[in-house]
Amino acid sequence: SILDRIMIWQKAIWDPWIFTWYNPSWEEKKQVVLQHLRLSIKYKTESRAVVEFRKFIGSYIKWMDNASSLRVKLMQTKIYKEVEGILNKV
């Protein structure tokens, strides 16, 4: 039903790894995060894409021990290179 599809979609938005049969490494997850942001930049201005991307970043990093401090840093970013730099330091 349409309701089932909506519920699955919502779960996938907040748990991007729900359909994986294994636990991806941080490097694999980081590449997905950066690809998501690059695709967004392709269709929007960079600054707008980065700002809008902030609402998704929590679901990508919530499993990490330092998620809270990392989220604070990422919420202050304005360009792709800043996001990439922060994620590369993890």
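Just the heavy atoms: all of them, side chains too, but no hydrogens, waters or symmetry mates, feed the values below.
Looking at Arg48 and Glu52, a side-chain N of the basic residue comes within less than 4.0 Å of a carboxylate O on the acidic one, giving a salt bridge.
The only member of Ile79, Ile86, Leu87 that meets side chain to side chain contact (heavy atoms under 4.5 Å, CB included) when paired with Val83 is Leu87.
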Steps toward side chain to side chain contact (heavy atoms under 4.5 Å, CB included) verdict (Lys89, Leu70): CA-CA 10 Å; Lys89 290 179 184 175; Leu70 188 57; over 6 Å; no
Residues Gln35, Gln31; criterion side chain to side chain donor-acceptor pair (under 3.5 Å); working and verdict: CA-CA 6 Å; Gln35 180 184 18; Gln31 292 308 314; over 6 Å; no
Candidate pair Met75 and Ile57, rule side chain to side chain contact (heavy atoms under 4.5 Å, CB included), full reasoning: CA-CA 9 Å; Met75 292 298 165; Ile57 198 66; 3.5 Å; yes
Check against side chain to side chain contact (heavy atoms under 4.5 Å, CB included), Leu74 and Ile61: CA-CA 11 Å; Leu74 289 166; Ile61 64 170; 4.2 Å; yes
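The shortest side-chain heavy-atom distance between Tyr60 and Val32 falls under the 4.5 Å cut-off.
Residues Gln76 and Glu82 come closest through the heavy atom pair O-OE1, 4.3 Å.
Not a single donor-acceptor pair under 3.5 Å links the side chain of Arg38 to the backbone N or O of Tyr80. Between the side chain of Glu28 and the main chain of Ser25, a donor-acceptor pair closer than 3.5 Å is present.
Note on ring orientation: taking the six-membered ring where Trp is involved, the planes of His36 and Phe56 are tilted (angle from 30° to 60°).
When the shell of 6.0 Å around NZ of Lys30 is examined, it contains more than 12 heavy atoms from other residues, nucleotides or ligands. Surrounding CG of Asp65 are at most 12 heavy atoms belonging to other residues, nucleotides or ligands under 6.0 Å away.
Note: the hydrophobic cluster containing Leu34 also contains Trp63 (ILVMFWY, side chain heavy atoms under 4.5 Å, direct or indirect links). No continuous path of ILVMFWY side-chain contacts below 4.5 Å connects Val51 to Leu39, so the two sit in separate hydrophobic clusters.
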